[in-house]
There are 2 protein chains.
Amino acid sequence: MAELSEEKKETSKLRKSDATRARIVEAARERFRKEGFERTTIRKVAGDAGIDPSMVMRYFESKRGLFDAAMTVELRIPDLSRHPRDKLGEAIITHFLKRWEEPDADSLQLLLRSSASNEEAAERLRGVFRDQIVALVGRLRGSEADAREVASLIATQTVGLAYTRYVLKLPPLVAMPHETIIKVIGATIQRYLTEPLPKAGGQDPSR
Amino acid sequence: MAELSEEKKETSKLRKSDATRARIVEAARERFRKEGFERTTIRKVAGDAGIDPSMVMRYFESKRGLFDAAMTVELRIPDLSRHPRDKLGEAIITHFLKRWEEPDADSLQLLLRSSASNEEAAERLRGVFRDQIVALVGRLRGSEADAREVASLIATQTVGLAYTRYVLKLPPLVAMPHETIIKVIGATIQRYLTEPLPKAGGQDPSR
DNA sequence: AAGATATGCCAACAGTTGTTGGCTTTTATC
DNA sequence: GATAAAAGCCAACAACTGTTGGCATATCTT
């Protein structure tokens with residue numbers, strides 16, 4: 001007879017419910033992305049996933065818990081340490097376009113859209129900036145000095161491109177070929193990355 | 001005895017209710033901006049304006065009608081025809097910062113935030129781009145050629161700055177002095193405005 | 001096979017929402 | 001002052017929401 005084997009709990013077996021759980025998260029991500037937090041209802045998500053609304057509650061505790069589970073973002077920034085230093089801007093925008101047009105860019109859209117009206121989402125997006133973009137800039141410049149400022153300038157340009165092209169869908173931008181975007185905006189990123197920051201604090205700059 | 005005078009209808013008298021109407025719109029704008037469309041309730045707006053919820057319905061017909069009335073945006077772009085042509089980028093960003101930090105920048109914030117999850121707001125923002133930014137670029141460049149493309153590139157940078165600094169409130173950007181922003185981002189706008197667009201369509205640019 | 005545990009559905013509660021109709025009070029018109 | 005219209009409030013409806021408890025089935029453990 002086998003004796004008690006409680007230590008096996010840690011080994012993560014593939015539970016049957018994991019599939020359902022994944023189905024719910026996927027359905028939730030799509031709903032949240034397309035319709036926002038408030039207009040997404042647990043009943044609709046449950047319907048999409050083909051199960052009962054009460055199951056969503058059991059798995060994720062609350063609507064907010066489901067939202068948290070749906071928002072997980074990885075920029076998947078590649079290793080750029082061997083790239084020619086004068087082509088980093090283009091490389092970053094190239095990766096950016098690729099990442100945003102992958103089939104699973106849903107989570108990026110979800111986070112960006114939600115951050116406009118949901119403080120929790122905004123905080124998470126600030127976390128992505130802090131942990132992934134600032135870190136990248138520090139690596140590329142080989143120094144922590146001004147990394148936050150330079151990274152935030154790069155963020156204005158990349159977030160702006162994401163918003164206008166993928167959220168707002170401004171027609172001229174949607175139609176603009178990768179080649180043009182990479183050249184023009186790549187040059188901007190390159191400049192932010194390598195040009196020294198003008199130090200503020202001279203005489204009154206206005207007039 | 002005075003006879004029937006129906007033709008006076010056209011002269012717009014100052015009705016007493018206009019004040020109330022204005023108070024409602026103002027309250028609605030603030031609520032919509034801070035809490036978004038769904039989380040804003042007619043009862044709360046009416047409470048802020050100090051009247052009964054049913055009055056809101058009588059004045060604006062529906063919640064969507066109230067939302068429409070609250071969203072009205074004027075960029076108030078000044079006349080730049082006499083500015084030195086090599087300082088237009090800085091001038092645009094200078095005006096941009098001033099406009100976004102005015103007390104009545106509420107409507108800008110409202111429109112930008114709402115456009116993330118509300119298709120009607122997004123369409124209105126695209127209208128602002130079409131009617132005000134493209135027009136500005138056409139004027140400054142003295143030609144309609146490429147105006148839409150150039151304007152859309154400028155939009156990526158300005159919308160991005162607005163979003164990261166005023167919506168997302170990325171700390172390094174919030175702390176960044178006007179002087180620095182004007183110099184660094186002004187140079188980008190200047191470049192988009194004056195540099196010729198690279199024409200796409202050469203050999204395959206990837207690899 | 002028996003028991004326990006996980007997975008599922010059904011039905012309902014309690015609160016909030018946009019919206020409406022009817023009633024009173026103020027204001028304007030004759 | 002009488003009359004009509006405008007401006008206001010109150011109370012309620014009907015729909016929808018997140019959430020919960022109870023009960024059935026399936027799956028795993030022993």
Side-chain angles (χ1 to χ4, degrees), chain A residues 1-28 31-32 35-70 114 117-118 120, chain B residues 1-28 31-32 35-70 114 117-118 120:
Chain A
M1 306 278 279
E3 44 184 332
L4 291 176
S5 52
E6 294 174 344
E7 70 278 9
K8 286 180 184 173
K9 282 181 183 173
E10 291 133 17
T11 67
S12 60
K13 299 182 184 177
L14 285 186
R15 297 199 176 278
K16 203 101 177 244
S17 63
D18 287 346
T20 313
R21 200 183 176 88
R23 217 167 350 116
I24 297 175
V25 173
E26 195 176 0
R31 285 284 182 179
F32 281 137
E35 307 180 1
F37 182 80
E38 282 83 10
R39 280 162 50 210
T40 294
T41 72
I42 291 191
R43 283 171 172 83
K44 283 192 276 186
V45 172
D48 293 348
I51 44 103
D52 190 86
S54 61
M55 291 271 78
V56 178
M57 298 299 296
R58 185 149 9 191
Y59 283 142
F60 297 96
E61 199 165 351
S62 70
K63 186 182 180 182
R64 172 134 296 178
L66 176 61
F67 187 61
D68 285 353
S114 303
S117 55
N118 185 301
E120 199 176 347
Chain B
M1 303 283 276
E3 43 187 330
L4 292 177
S5 52
E6 295 174 344
E7 72 278 9
K8 286 181 183 172
K9 281 181 181 174
E10 289 136 17
T11 67
S12 62
K13 298 182 186 179
L14 285 185
R15 297 200 177 277
K16 202 95 174 251
S17 64
D18 287 346
T20 312
R21 201 184 174 86
R23 215 165 354 114
I24 297 177
V25 173
E26 195 176 359
R31 285 284 182 180
F32 281 137
E35 307 179 1
F37 182 80
E38 281 83 12
R39 279 162 50 210
T40 293
T41 73
I42 290 191
R43 283 171 173 84
K44 283 192 273 186
V45 171
D48 294 347
I51 43 102
D52 191 85
S54 61
M55 292 272 80
V56 179
M57 298 300 294
R58 192 173 301 188
Y59 283 142
F60 299 96
E61 200 166 352
S62 70
K63 185 182 179 181
R64 172 134 295 177
L66 176 62
F67 187 61
D68 285 352
S114 303
S117 55
N118 185 303
E120 200 175 347

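Throughout, a chain's letter reflects where its sequence line sits, starting with A, and its residues are numbered from 1. Since the structure is predicted, the reported quantities are computational estimates derived from the model, not experimental observations. These values consider heavy atoms only, across backbone and side chains, with no hydrogens, waters or symmetry-generated copies.
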Just how far, in rounded Å, is [atom2] of [N] from [atom1] of [X]?
| X | N | atom1 | atom2 | value |
| --- | --- | --- | --- | --- |
| Phe67(B) | dG18(C) | CZ | C1' | 16 Å |
| Arg58(A) | dG8(C) | CZ | P | 9 Å |
| Ile51(B) | dA6(D) | CD1 | P | 18 Å |
| Met55(A) | dC10(C) | CE | C1' | 12 Å |
| Arg31(B) | dT17(C) | CZ | C1' | 15 Å |

All pairs passing salt bridge (charged side-chain N to carboxylate O under 4.0 Å, His left out) where residues 40-50 of chain B contributes a residue, at least two apart:
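Listed by first then second residue: Arg31(B)-Asp48(B), Glu35(B)-Lys44(B).
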Closest heavy-atom contact between Ile42(B) and Pro53(B)?
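In this case the closest contact between Ile42(B) and Pro53(B) is CG2-O, 3.9 Å.
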How close do Val25(A) and Ala69(A) get, counting heavy atoms only, and between which atoms?
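In terms of heavy atoms, the two residues are closest at CG1-O, 4.1 Å.
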Going through the checks in order, is the side-chain contact (heavy atoms from CB on, under 4.5 Å) test met by Phe37(B) and Glu38(A)?
CA-CA 9 Å; Phe37(B) 182 80; Glu38(A) 282 83 10; over 6 Å; no
At under 4.0 Å between heavy atoms, how does the protein contact nucleotides 16-21 of chain D? Give one character per nucleotide, 5' to 3', with B, S or -.
-BBBBB
List the steps, then state whether side-chain contact (heavy atoms from CB on, under 4.5 Å) holds for Thr40(B) with Leu66(B).
CA-CA 11 Å; Thr40(B) 293; Leu66(B) 176 62; over 6 Å; no
Could I get the full list of salt bridge (Lys or Arg N to Asp or Glu O under 4.0 Å) partners for Arg23(B), not counting sequence neighbours?
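If we apply the salt bridge (Lys or Arg N to Asp or Glu O under 4.0 Å) test to Arg23(B), skipping adjacent residues, there are no hits.
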